[in-house]
Amino acid sequence: MAEAGSESVSIPRVNLGCQGLQVSKLGFGCMGLTGAYNDPLPEEEAISVIKHAFTQGITFFDTADIYGSNHANELLLAKALKQLPRDKIQLATKFGMSRGISGLQIKGTPDYVRSCCEASLKRLDVQYIDLYYQHRVDTSVPIEQTMGELKKLVEEGKVKYIGLSEASPDTIRRAHAVHPITAVQLEWSLWTRDIEDEVIPLCRELGIGIVPYSPLGRGFFGGKGVVETVPSVSSLSGHPRYQAENMEKNKRIYERIESLAKKHECTTPQLALAWVLQQGNDVVPIPGTTKIKNLDQNIGALSVKLSEKDLREISEAVPIDEVAGIRYYNERHAKFSWKSANTPPNDSSVSTVPRVSKLGFGCMGLTGAYNDPLPEEEAISVIKHAFTQGITFFDTADIYGSNHANELLLAKALKQLPRNKIQLATKFGVSKPNPDVQIKGTPDYVRSCCEASLKRLDVDYIDLYYQHRVDTSVPIEQTMGELKKLVEEGKVKYIGLSEASPDTIRRAHAVHPITAVQLEWSLWTRDIEDEVIPLCGELGIGIVPYSPLGRGFFGGKGVVETVPSVSTLSGHPRFQAENIEKNKKIYERIESLAKKYECTTPQLALAWVLQQGNDVVPIPGTTKMKNLDQNIGALLVKLSENDLKEISEAVPIDDVAGDRHYSEGTAKFTWKFANTPPNDSSVSKLGFGCMGLTGAYNDPLPEQEAISVIKHAFTQGITFFDTADVYGSNHANELLLAKALKQLPRDKIQLATKFGISKTTFSDRQIKGTPDYVRSCCEASLKRLDVQYIDLYYQHRVDTSVPIEQTMGELKKLVEEGKVKYIGLSEASPDTIRRAHAVHPITAVQLEWSLWTRDIEDEVIPLCRELGIGIVPYSPLGRGFFGGKGVVETVPSVSTLSGHPRYQAENIEKNKRIYEKIESLAQKHQCTTPQLALAWVLQQGNDVVPIPGTTKIKNLDQNIGALLVKLSENDLREISEAVPIDDVAGVRHYDEGHAKFSWKSANTPPNDSKEETWNTNTKMAEVPRVKLGPQGLEVSKIGFGCMGLTGVYNDPVPEEVGISIIKYAFSKGITFFDTADFYGAHANEVLVGKALKELPRDKVQIATKFGIVKMDMASNTVVVNGTPEYVRSCCEGSLQRLGVDYIDLYYQHRVDTTVPIEDTMGELKKLVEEGKVKHIGLSEASPDTIRRAHSVHPITAVQLEWSLWTREIEQDIVPLCRELGIAIVPYSPLGRGFFGGKGVTESIPANSFLAYQPRIRGENLDKNKILYSKLEKLAKKHGCKPSQLALAWILNQGDDIVPIPGTTKTTNLDINISSLEVKLKEDDLKEITDAVPISEVAGDRTTAAFVKCSWKFADTPPKRS
């Protein structure tokens, strides 16, 4: 077989991580030199291998303190280093693993970290370690503590960079938050790819390098076990994948790679290693070997070039499902891998996590529950015995035992134990036991309970204070507010919740960190696993399972011992005769498995819970010391992932007979029903929308009649009334409501009004959100409503020209002044909601939501729930449709509904079928059609308060009746399915004009409070202003590319004509002008300079470029220069030619692939610091170059070719720019004039640069004309020209896109500017995209010379230190 040799291979240098560590692209793993897979090499021979690696270009050497006998590997590497230049070597070693009597031991305590580092420095005989890894994660030590010590070692200069090995995503992320992680070392090869889904994406998100160990599959792809036998002394002889039956299967995999290697003219190991090497520039594998021949072969892998298709083919040749044997030596090794490498939460002075025993003790039963109470002394002796055995976490509650007997008992036990060694948990909230349970969570009740528990327990503080059950009538924020005060007063150390819903947990945690959530969790009660457990993991909340033995069942209750009649269990469904017989079969399965694990049945059941995670601390209780000791023994039962799975499968939840709750009454107090109302306890669940009272869908009501409707709503319990300053003629709606309020108690009313729409006519609606407008509207509404404050003040529609932070800033001031109580948004986008909420909490978002309008369900609703924001649906009856409008009653001609698309003749006929379905379901539920439709909205959640309006008291009563309609989850689903959104005829908006004011189009520009908003004059108002990047550069949304004015696609225009075009563009609102030193041999910059003399410099944003030295079309070559001195000389030249003191945006025109981008950027950064350049850009730069450049100095914009027929940047570049906050400036947005008609409706001059363009020549042009025809048809549909549609498509790609089309004709300039008026929806954009399939575009995008210097070939060499 051919072999790719190493002689001609130059090993490139790459950056490992983002902190500056530069290494060879291929490293060398030294482990095997001192024995692992083979016998150790003789010392001199081993040193010669290391030296040979260095002479071949490898500078990155990997060792560890555990490699070799008595640290032999580090000692060997030290001797080799003596013969090599230390400053040219990057030395990586590791700590954290040691060999003990019981096998491998993992340690990560701070003192151990330091001692290991000192010892490695001494053995290696160096002043510093380049990269110091934690070899394996100590899962008993918070990673923050390990990292804290490593960070100190960096600060002391003993370590340069920090790494982790086999660390979990959570551990990586937490470690990186303490100090940047430079690299993560993990096993990665063709047959070990489990890291690809989670770890690799995370490392790339955080900018962490990846160092694959065993990249040849522990030698397998090097031939071990296939073409050469595995020595008996080798550790591989015990590896599962090398066992006889597995090896035979795995040989088939080897043969496939061997076959592919022949195709690529390399050896099998070279192909396998090349596959790893080419996973990314951030990947540096460290294969090891004891043979120079193999070393050279590995280096040769660098010359094997693989395409994306090749990489995929190689991957598919090794289906992971076909690999025989696990990757670990044994189950014990498996628990040291990344999947099991989470660490406990940090326990520092600011931690929300107390240190407790892994097993707690539930004291409830000692005073009677499942059995008779124990005598006091006997009960105290059980508690004391638990403590002597290491249990320090004791759980009680104020409700346990008669007259608080449990807390009183525990107090007496505490007198005999050291208080500072005990973690005491108690609970409040259940004020009466079964069957007459009462739940209470009011602030005064919280405080009184805490004071009483402190007194009974006779302690100064409670370590962990839980809300026992959630009071669903009190907003959790109010309960938590009082608990937070108790923490601040020192009466409570940590806060917990018991049986709380995900929403309640999240909202509570936002008020004050929740330390633990207590829930029932055992082998036969696992309903919390899908929602609650993941949420707790996300928020870093501990889990305290109560009844971990299934209320004693897995301890034998009801099976090997009878349940006493006095026991509460006698009434539990799962212990009833018919159920217990079925459940005994489950017990028998666990009993059988317990024998396999040589433990008792309760020990296995408890071990299963204990090993669900380091954040799980169960609290089994017992009245017998024998059982207590047995429970403690469960800690010794070790279970693998497979064991845990086997035990789980032995108890299928569907086979468990009987409900987990005692009754329906107690079921309603569990986590599934534990949501609390929004933090405004006085809002009625149903609101009233007042809009229609002053005319909208019908004529206005007479004033007294309208007031009577409002008063009737109040008498029926509605207290939440909604209006707006724009409703009714001359603010009639607010004035009407003010008169009604005079006849109602103000303190019982929640009044919501809105601002932001300044004109209401369909053709002339104006939206405004400036701070002064906000204040003036509020003052006016307060006056009209004749109130001191507005309860809920919404921004009616979002002003997309004003950063939401500015609008919210003024609203926040109004709250602080007491003029507004709560802030809301209406029809706001997710981004706007999130940004607004960061300025001041948003209480509610108002949106259209009904059975036939559900577009908010995927994005907006989940976000509101994440942030704890209430949802106020307007038009919950589908603008009256489900109330019968257009179906059982006609729509008046004066009604705005007469113009609504869904009420148009052809649509209403189709929509009537939907009404009929709901009408039919309403009969089933014994209610009216509007009641069912409204009930569906009402029951979307406790955080949903719809505001239907009506002018008829009969309809109002009918709406209130909807509250009595009870719907199950299945009912809700059935109703939803009866109204498939695709079957609804007509859009929800009145017209395109209205659509642009909906939430989907409601993003606002970034905030920039440091700069004043640019004042445009009337002429300039046609072109909006946008921020280009986040560094403060503001430009017109459309720019002007000046290149063509001095001749490229056509002859140059006369100077005066060129200047007049620039001035004309400025007069139309374009302020962003693009040139380059290369255009017209400097003539373009000179022309722009002259035009600038006639324009206000401070109103113009000038972009120019450097970097292209010359171009030769004949030889297809472009010469590029990016050296620092060239950068500076070009800048000085451009400043002089343009006649300016500074350049607003200075681009590197093309990337010099011979100069590290850091060098080029370094000089550009200096120019910024000197004030000669304001912002830096790149043009046609690769993703790697962009990222590296951005790390030197922020890149404001990247200029690239982007048009309907050139879209290759969409996969890689555009997402990267958005990730980094870099704007995109598309050049040639009209496809080098093609979509403007060049080559189609007008001919191309022979001297035009276009004559060389592949797509506009010969047969390619003929094929491409078909694409033009498709676009032309779509343009007619949109009532515009093809060029306008093509440019509008680009303009609508995002707020961060500023195209720079050029032209030599003012008529074309006007056409381009008018493209801003072409409004495109998502569906339109997709239709336009689909009309120009890239696969059908004929010809390359540009000439061969320019292809070679385009972004795909624009990587630069690593920066050498």
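Numbering of residues begins at 1 and proceeds along the displayed sequence. Because the structure is a prediction, the values reported are computed rather than measured.
Using a cut-off of 4.0 Å between Lys/Arg side-chain N and Asp/Glu carboxylate O, Arg913 and Glu916 are scored as not salt-bridged. Classification of Glu705 and Lys952 as a salt-bridged pair fails, no side-chain N sitting under 4.0 Å from a carboxylate O. Comment: Asp943 engages Arg865 in a salt bridge, judged by a side-chain N to carboxylate O separation of less than 4.0 angstrom. Contact check on Glu805 versus Lys812 returns no salt bridge, with no Lys/Arg side-chain nitrogen under 4.0 Å from an Asp/Glu carboxylate oxygen. A salt bridge links Glu827 to Arg988: one of the charged nitrogens lies within less than 4.0 Å of a carboxylate oxygen. Here Glu974 does not pair with Lys917 in a salt bridge; the nearest charged N to carboxylate O distance is not below 4.0 Å. Under a 4.0 Å N-O distance rule, the pair Lys739/Asp786 does not qualify as a salt bridge. No salt bridge links Glu919 with Lys912; every basic N to acidic carboxylate O contact stays at or beyond 4.0 Å.
Listed for the Ser498 side chain is no donor-acceptor partner under 3.5 Å among the backbone atoms of Gln467. Between the Lys754 side chain and the Asp725 main chain, no donor and acceptor come within less than 3.5 Å of each other. Listed for the Ser968 side chain is a donor-acceptor partner under 3.5 Å among the backbone atoms of Asp971. Listed for the Asp791 side chain is no donor-acceptor partner under 3.5 Å among the backbone atoms of Ala752. Of the possible polar contacts, none joining the Ser1001 side chain to the Ser998 backbone as a donor-acceptor pair under 3.5 Å is found. Side chain of Asp471 to backbone of Ser473: a donor-acceptor contact under 3.5 angstrom is found. Side-chain N or O atoms of Gln926 include none that pairs as donor or acceptor with a backbone N or O of Ala922 at under 3.5 Å. A donor-acceptor contact shorter than 3.5 Å is absent between the side chain of Asn733 and the backbone of Thr723. Judged by distance alone, the side chain of Lys685 and the main-chain N or O of Val944 form a donor-acceptor pair under 3.5 Å. Side-chain atoms of Glu482 do not come within 3.5 Å of backbone N or O of Gln478 as any donor-acceptor pair.
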### Message
Pair Ser976, Arg854 - check side chain to side chain donor-acceptor pair (under 3.5 Å), show working.
### Response
CA-CA 10 Å; Ser976 297; Arg854 306 208 294 266; 4.9 Å; no
### Query
Between Trp849 and Glu857, does a side chain to side chain donor-acceptor pair (under 3.5 Å) hold up when you go through it step by step?
CA-CA 9 Å; Trp849 194 10; Glu857 293 178 352; 3.0 Å; yes
### Task
Verify side chain to side chain donor-acceptor pair (under 3.5 Å) between Thr753 and Glu734, making sure each step is shown before the conclusion.
CA-CA 8 Å; Thr753 190; Glu734 284 188 333; 2.6 Å; yes
### Task
Kindly indicate, with the supporting measurements, whether the criterion salt bridge (Lys or Arg N to Asp or Glu O under 4.0 Å) is fulfilled by Arg834 and Glu866.
CA-CA 10 Å; Arg834 194 180 289 279; Glu866 174 194 333; 3.2 Å; yes
#### Entry: Residue pair Asp503, Ser501: steps toward the side chain to side chain donor-acceptor pair (under 3.5 Å) verdict
CA-CA 5 Å; Asp503 180 71; Ser501 70; 5.2 Å; no
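Contact record, Ile975 with Leu932: CD1-CD1, 3.7 Å, taken as the closest heavy-atom pair.
Aromatic ring centroids of Phe755 and Tyr793 lie under 6.0 Å apart. For His712 and Phe688, the ring centers sit 6.0 Å or farther from each other.
Within a 6.0 Å radius of NZ in Lys813, other residues, nucleotides and ligands contribute 12 heavy atoms or fewer.
In this structure, Arg746 is positioned above the aromatic face of Tyr789, its NZ or CZ under 6.0 Å from the six-membered ring centre and within 45° of the axis. Judged by a 6.0 Å distance limit and a 45° cone about the ring axis, Arg902 is positioned over the six-membered ring of Trp852.
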